[in-house]
Amino acid sequence: MEKCMEPTSISVCVIGPYKGKGGVSRSTLNMVLLYKYLGFNAKLIPSSILVSRKIPLHFCDVIHVQGPMFLNYIKLLFQAPRSVRIITYRGWVLEEQLTKLRYMDNLSLIRRVLSTFTTIIVYLVNKFVFIPFTIHLITAVSKITAKKNKVRAIVIPNHFFKYYIEDELRRCYGFNKDDNEVWIATYVSIGGGKFLSILRLIKTILLLNKLLVNDGKKAVLLIFGKDVPRWLEKICMKYSHVIRLMGYTNDYVCYLKYSDLFIAGYTMPELGHAVIEAVSLGVPIAKYTDNSLDEEIIDGFNGILAQHDTDMVKKIYDYVLHMKEMRDILARNAKETVLKRRSFMCIGNMWSMIVEKMMAWHC
């Protein structure tokens with residue numbers, strides 16, 4: 001069927017979080033920019049104010065929500081009943097909340113229980129009511145995200161927004177970094193329980209430094225992100241000479257630029273924003289895995305891949321000793337594979353075809 005509307009005449013309302021420095025907030029903003037890049041009339045509507053404020057939605061031809069919603073979704077159903085509706089899963093809804101309930105001791109128990117109860121209700125209503133009867137398309141940013149949320153979805157990875165990185169780099173100034181220090185960056189969050197990988201990474205850094213001591217170098221792990229429970233913070237403080245909790249920092253991209261390696265301590269094959277940003281800055285990726293066939297990182301070609309701690313330590317040690325030769329090769333290959341797959345053109349074509357096809361069907 002031929003399309004009945006041109007992109008410029010289609011109004012797309014992207015609904016989701018937009019404040020903060022987390023991956024979902026950044027993805028929401030990037031989604032708006034992607035739609036505009038494709039020629040659609042796109043507008044960002046923060047999910048946090050959708051219920052509390054009178055925001056007209058009747059003009060929305062396409063409503064694209066970032067993850068499950070409840071009261072705010074009911075409102076948009078009444079205001080825009082004829083819209084094409086898309087839901088994108090960017091996190092592991094139930095698993096993330098259950099992880100927070102179990103581990104996040106910096107939040108009160110009552111708050112964690114209420115939040116978990118609400119999340120379960122919203123998840124069930126979306127799975128058995130909203131999605132079967134009102135959603136036209138389900139997408140997820142990775143296979144594992146779709147699997148964890150128990151939905152059948154079209155997998156469309158997050159696209160890379162280079163202008164964000166370029167803008168952040170303009171604010172970078174010279175960093176005081178000791179010549180003998182090897183900066184290894186990582187980013188942790190509640191998503192997938194990534195913060196639990198800190199224990200493994202501490203072990204990796206300590207073993208690595210035992211090897212580096214004879215070479216006059218010291219590996220320092222820079223941990224970015226905010227989802228670190230107090231009990232885990234105490235462990236990190238014990239090894240503060242090689243472990244630095246950076247939290248959310250405005251100059252994260254600057255630190256990343258001067259880092260020698262980015263390490264992901266988790267084994268899931270999904271590559272988040274932090275990994276993609278590291279690749280864009282020419283920082284090689286080291287990653288743990290359960291099955292190398294599921295990975296975009298190919299050991300020795302576009303990064304470092306290991307299944308065991310001792311294997312990872314040996315590979316990073318070899319990388320540090322031959323960093324001048326290895327860094328450029330790994331970084332270049334990663335840009336040609338991991339980054340290229342997430343280019344505006346590649347991901348944009350996928351979304352453009354999907355939206356136009358759905359609008360033609362809807363018309």
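Sequence positions, counted from 1, serve as the residue numbers for this chain.
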* Give the intermediate values and the outcome of side chain to side chain donor-acceptor pair (under 3.5 Å) for residues Arg332 and Asn302. => CA-CA 7 Å; Arg332 182 174 63 252; Asn302 60 0; over 6 Å; no
* Asked: Is a side-chain donor or acceptor of Arg112 paired with a backbone partner of Met104 at a separation under 3.5 angstrom?
  -> yes
Is it the case that over 12 heavy atoms from other parts of the model lie below 6.0 angstrom from the [atom1] atom of [X]?
X: Lys210; atom1: NZ; answer: no
X: Phe59; atom1: CZ; answer: yes
X: Lys315; atom1: NZ; answer: yes
X: Lys226; atom1: NZ; answer: no

Quiz question: by atom type and distance under 3.5 Å, do the side chains of [X] and [Y] form a donor-acceptor pair?
X: Ser352; Y: Glu356; result: yes
X: Asp215; Y: Tyr317; result: yes
X: Glu295; Y: Thr289; result: yes

* Asked: Salt bridge or not for Asp299 and Lys287, using N-O below 4.0 Å?
  -> no
In Å, rounded to the nearest 0.5 Å, how long is the span from [atom1] of [X] to [atom2] of [Y]?
X: Asn349; Y: Leu38; atom1: CG; atom2: CG; value: 8.0 Å
X: Ser115; Y: Leu101; atom1: OG; atom2: CG; value: 9.0 Å
X: Thr186; Y: Ile263; atom1: OG1; atom2: CD1; value: 7.0 Å
X: Arg82; Y: Cys60; atom1: CZ; atom2: SG; value: 14.5 Å
X: Lys36; Y: Leu34; atom1: NZ; atom2: CG; value: 12.0 Å
X: Phe160; Y: Ser343; atom1: CZ; atom2: OG; value: 10.5 Å

* Evaluate the side chain to side chain donor-acceptor pair (under 3.5 Å) criterion for residues Asn41 and Tyr35: first the C-alpha distance (whole Å), next the side-chain angles of each, then the deciding distance (0.1 Å), finally the verdict. => CA-CA 7 Å; Asn41 180 16; Tyr35 277 125; over 6 Å; no
* To do: Examine Ile298 and Met326 and state if one hydrophobic cluster contains both, with Ile, Leu, Val, Met, Phe, Trp and Tyr joined whenever side-chain heavy atoms are less than 4.5 Å apart.
  => no
* Asked: Quick one: hydrophobic cluster around Leu114, which other residues, with the 4.5 Å side-chain cut-off, linked directly or via members?
  -> Ile110
* Begin with the C-alpha distance, continue with both residues' side-chain angles, and end with the deciding distance and a verdict on salt bridge (charged side-chain N to carboxylate O under 4.0 Å, His left out) for Lys217 and Glu181. => CA-CA 6 Å; Lys217 295 183 179 294; Glu181 286 189 349; over 6 Å; no
* To do: Output, in order, the C-alpha distance, side-chain angles, deciding distance and verdict of side chain to side chain donor-acceptor pair (under 3.5 Å) for Ser47 and Asn72.
  => CA-CA 7 Å; Ser47 54; Asn72 39 16; 5.0 Å; no
* Pick from Trp183, Tyr252, Tyr248: which one makes a ring pair (Phe, Tyr, Trp, His ring centres under 6.0 Å) with Phe224? -> Tyr252
* Asked: So Phe130 and Tyr73, would you call those rings parallel, tilted or perpendicular, with 30° and 60° as cut-offs?
  -> tilted
* Could you tell me how the ring of Trp351 sits relative to the ring of His64: parallel (under 30°), tilted (30 to 60°) or perpendicular (over 60°)? => tilted
N/O donor to acceptor pairs below 3.5 angstrom from side-chain atoms of residues 200-209, sequence neighbours left out:
from   : atom 1 : to     : atom 2 : distance (Å)
Arg200 : NE     : Asp309 : OD1    : 2.7
Arg200 : NH2    : Gln307 : O      : 3.3
Arg200 : NH2    : Asp309 : OD1    : 3.4
Lys203 : NZ     : Asp309 : OD2    : 3.4
Thr204 : OG1    : Arg200 : O      : 3.0
Thr204 : OG1    : Tyr288 : OH     : 2.7
Asn209 : OD1    : Ala219 : N      : 2.6
Asn209 : ND2    : Ile205 : O      : 3.1
Asn209 : ND2    : Ala219 : O      : 3.1

* Take Met69 and Leu76, measure what side chain to side chain contact (heavy atoms under 4.5 Å, CB included) needs, and give me the verdict at the end. => CA-CA 10 Å; Met69 301 192 301; Leu76 67 85; 3.7 Å; yes
* Asked: Quick one: which of Leu94, Asn126, Leu124, Ile135 gives a side chain to side chain contact (heavy atoms under 4.5 Å, CB included) with Pro68?
  -> Asn126
* Of the options Glu296, Arg342, Glu270, which is the one that meets Pro157 in a side chain to side chain contact (heavy atoms under 4.5 Å, CB included)? -> Arg342
* After noting the C-alpha distance and the side-chain angles of Ser142 and Thr145, does the key distance pass the side chain to side chain donor-acceptor pair (under 3.5 Å) rule? -> CA-CA 5 Å; Ser142 66; Thr145 301; 2.7 Å; yes
* Asked: Lys257 and Asp251: salt bridge (charged side-chain N to carboxylate O under 4.0 Å, His left out), yes or no, with the steps?
  -> CA-CA 10 Å; Lys257 175 186 176 183; Asp251 49 4; over 6 Å; no
